[in-house]
Visitor: 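To start, I am sharing the structure in question, which I have written as structure tokens.
Counting convention: from 1, in listed order, for ligands and their atoms alike. Counting begins at 1 with the first residue of the sequence.
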Amino acid sequence: MAAPLLIVVLAAGQGTRMRSDMPKVLHKIAGRSMLGHVLDVVRALTPERLALVVGPEMEDVAAEGQAAAPVVETFIQAERRGTADAVLAAAGVLAAHKGDVLVLYGDTPLITAATLKQMHDALDQGAGVAVLGFEAADPTGYGRLLTDANGEVVAIREHADASDAERQIRLCNSGVMAFRVRDLAGLLRRVGTDNAKGELYLTDAIELARSDGYAARVVVCDEEEVLGVNDRTQLAAAEAIWQRRRRHEAMLGGATLVAPETVWLSYDTVIGRDVLIEPNVVIGAGVTIEDGVTLHANCYMAGHDEKRRDTVIIRRGAVVGPYARMRPGADIGPDVHIGNFVEVKNATIEAGAKANHFAYMGDARVGPGANIGAGTIFCNYDGFEKHHTDVGAGVFIGSNSALVAPVKIGDGAYVAAGSTITKDVPADALGLARAPQETREGWAAKYRARRQRRK
Ligand code: UD1
Ligand code: CA
């Protein structure tokens, strides 16, 4: 049985290299903050307690932590005095905790639960301290892991403090560390500031633990997994890795991605089997794609936007696109066809309905089997409020119609092309609201003759 686990996530750094008014860990990958990703991963380890260390005036980071993991306990590091000091900001919970401690950073969003479990396992196998290391393609800037003949970690040397020989080492510290020591707070209080930066380094805990008789082990992972985000180029690199992983999973799950590298998914995208996704499809937060759905090229869909936090669901066998936009609250029923340049927002389109070309359907229900003609607009907004449109089963809306909400079109009704409908149309009726056509026999011939005489 593994000992109960306390996880400490450090996020007190400002992230100045992001050049942002927003704290670094709130920047998003696949639609979710980096902190959200990290907290989501650590929850898979079912920690007994979860602590988050933030800087002063980082209420928004604390709030994001709370939202992502309601059990989180937030601590404020008053001054940015180094990673050991940051862990000590959570001294209250450290003192109370009887068990193992895992420390990781909020700006390392690609870490996996499997790797963190290996870290915890290393403690079960007798280590007092475990360090997550990786072979860096370019180790510049990282702390180097100094190991002995048995592969035990002897010390971690920060880049700035390392000798030329030590700088040749490519095995680096990811920042993730696990501890099974009797009094971690006491041990960290013994850390000094005798280093190039004058900071309290968490990494010094290795030497201190060893001098107390504990074994220090290294667990090695892929560099990709511990990519730290310091600036926006690294943010984009992390996004690219995340997207590649998620597309891979979607394909293994039975979805065909014709050009996977052009499809963008979100942290919570759900994709079924036998889904076909053509190139350049962008899927934002809150979207579910059921089995057998086809998304033609160049669609954009998102359940959350600047106005609404909702969901988008594309149900079994529906066909969407090319060039369709599904906004929050779009519920596309089974076997529905949504064609090019069609926008759907907060609307339920029921089984088998079709809107194949150029249309806006907002704040509405469209009944099963209805046909929405090209150029139909649901006029849902009067400049102050949104109103509902209800289109019944089997309704036929002729092209270029405007349905001015609130309005109801009864089952089986027809709306004549080019109508502006402001009153309800009863079931099985025809709604016609356009200037009647007038035909003047011979008018064009006479008109031409008159103009030619004048020349
Ligand atoms: C740290 C490690 C280094 C490792 C590297 C991996 C130390 C001393 N060095 O260096 O061995 O190779 O990460 O990326 O630990 N933080 C606080 N409070 C502080 C200082 C830092 O919360 O007072 C947080 C930061 O928000 C960040 C993390 O700790 O999430 C790492 O801090 P940073 O200053 O970036 O450490 P590095 O110099 O990169
Ligand atoms: Ca860093």
Visitor: So if I count the atoms of ligand 1 from 1 in the order they appear, which ones are less than 4.0 Å from some heavy atom of Gly13?
Guide: 22 (O), 25 (C), 26 (O)

Visitor: Among all protein heavy atoms, pick out the one at the shortest distance from atom 24 (C) of ligand 1; state its residue, atom name and that distance to 0.1 Å.
Guide: Leu10 CB, 3.9 Å

Visitor: Would a distance-only check, ignoring hydrogens and angles, find a side-chain to backbone donor-acceptor pair under 3.5 Å from Glu207 to Asp204?
Guide: no

Visitor: If you measure from atom 8 (C) of ligand 1 to every heavy atom of Tyr105, Tyr142, Tyr201, which option wins on shortest distance?
Guide: Tyr201

Visitor: With atoms numbered from 1 as shown, which atoms in ligand 1 lie under 4.0 angstrom from a non-hydrogen atom of Gly143?
Guide: 3 (C), 4 (C), 11 (O), 12 (O)

Visitor: Quiz question for you: does at least one protein heavy atom lie closer than 4.0 Å to atom 13 (O) of ligand 1?
Guide: yes

Visitor: Could you walk me through whether Leu94 and Val101 pass side chain to side chain contact (heavy atoms under 4.5 Å, CB included), step by step?
Guide: CA-CA 8 Å; Leu94 278 184; Val101 181; 4.1 Å; yes

Visitor: Going by the atom numbers of ligand 1, which of them fall below 4.0 Å from some non-hydrogen atom of Thr203?
Guide: 7 (C), 8 (C), 11 (O), 15 (O)

Visitor: Should Cys172 be listed as contacting ligand 1, given a heavy-atom distance under 4.0 Å as the test?
Guide: no

Visitor: Does only the side chain of Ser174 get under 4.0 Å from ligand 1, or the backbone, or both, or neither? Count heavy atoms.
Guide: backbone

Visitor: I need the contact type for Gln77 against ligand 1. Using non-hydrogen atoms and a strict under-4.0 Å cut-off, is it side chain, backbone, both or neither?
Guide: side chain

Visitor: For atom 37 (P) of ligand 1, is there a protein heavy atom at a distance under 4.0 Å?
Guide: no

Visitor: For residues Arg217 and Gln125, is any side-chain donor paired with an opposing acceptor at under 3.5 Å?
Guide: yes

Visitor: Can you list the ligand 1 atoms lying under 4.0 Å from a non-hydrogen atom of Lys197?
Guide: 38 (O)

Visitor: Checking a contact table here: which protein heavy atom is nearest atom 7 (C) of ligand 1, and how many Å away?
Guide: Thr83 OG1, 3.5 Å

Visitor: For atom 22 (O) of ligand 1, is the nearest protein heavy atom closer than 4.0 Å?
Guide: yes

Visitor: What is the distance from atom NZ of Lys28 to atom CD of Glu64, rounded to the nearest 0.5 Å?
Guide: 7.5 Å

Visitor: Verify the distance criterion only: is there a donor paired with an acceptor across the side chains of Asp363 and Tyr381 at less than 3.5 Å?
Guide: no

Visitor: N/O to N/O below 3.5 Å, does that happen between Leu202 and ligand 1?
Guide: no

Visitor: Checking side-chain hydrogen bond (donor to acceptor under 3.5 Å, both in side chains) for the pair His304/Asp310: CA distance, chi angles, key distance, verdict?
Guide: CA-CA 6 Å; His304 302 182; Asp310 207 329; over 6 Å; no

Visitor: When you check the side-chain N and O atoms of Glu158 and Asn195, is any donor under 3.5 Å from an acceptor?
Guide: no

Visitor: For atom 33 (P) of ligand 1, what is the closest protein heavy atom, and at what distance to 0.1 Å?
Guide: Arg80 NH2, 3.9 Å

Visitor: Measure the distance from atom 11 (O) of ligand 1 to every protein heavy atom, then report the residue, atom name and distance (to 0.1 Å) of the closest one.
Guide: Glu158 OE2, 2.7 Å

Visitor: Before we go on, tell me: are the rings of Tyr142 and Phe134 under 6.0 Å apart, centre to centre?
Guide: yes

Visitor: Any idea which atoms of ligand 1 are less than 4.0 Å away from a heavy-atom of Arg81?
Guide: 23 (O)

Visitor: Any donor and acceptor pair, going by atom type alone, linking the side chain of Arg49 with main-chain N or O of Pro4 inside 3.5 Å?
Guide: no

Visitor: Using the six-membered ring wherever Trp is involved, compare the ring planes of Phe358 and Phe341 and label them parallel, tilted or perpendicular (cut-offs 30° and 60°).
Guide: parallel

Visitor: Is the backbone of Lys307 close enough, under 3.5 Å, to the side chain of Asp305 for a donor and an acceptor to pair up by distance?
Guide: yes

Visitor: Check if Asp85 has a non-hydrogen atom at a distance under 4.0 Å from any atom of ligand 1.
Guide: no

Visitor: Can you list the atoms of ligand 1 that are under 4.0 Å from a heavy atom of Ala86?
Guide: 17 (C), 18 (N), 22 (O)

Visitor: Using a 4.0 Å heavy-atom cut-off, say whether Met177 meets ligand 1 through its side chain, its backbone, both or neither.
Guide: neither

Visitor: For atom 27 (C) of ligand 1, what's the nearest protein heavy-atom neighbour? Residue, atom name and distance, please.
Guide: Asp107 OD2, 4.0 Å

Visitor: Please identify which of these residues, Asp121, Asp124, Asp212, meets the salt bridge (Lys or Arg N to Asp or Glu O under 4.0 Å) condition with Arg180.
Guide: Asp124

Visitor: With a cut-off of under 6.0 Å to the ring centre and 45° to the axis, is Arg247 in cation-pi contact with Trp264?
Guide: yes

Visitor: How close does the nearest protein non-hydrogen atom get to atom 4 (C) of ligand 1, and which residue and atom is it?
Guide: Asn173 O, 3.2 Å

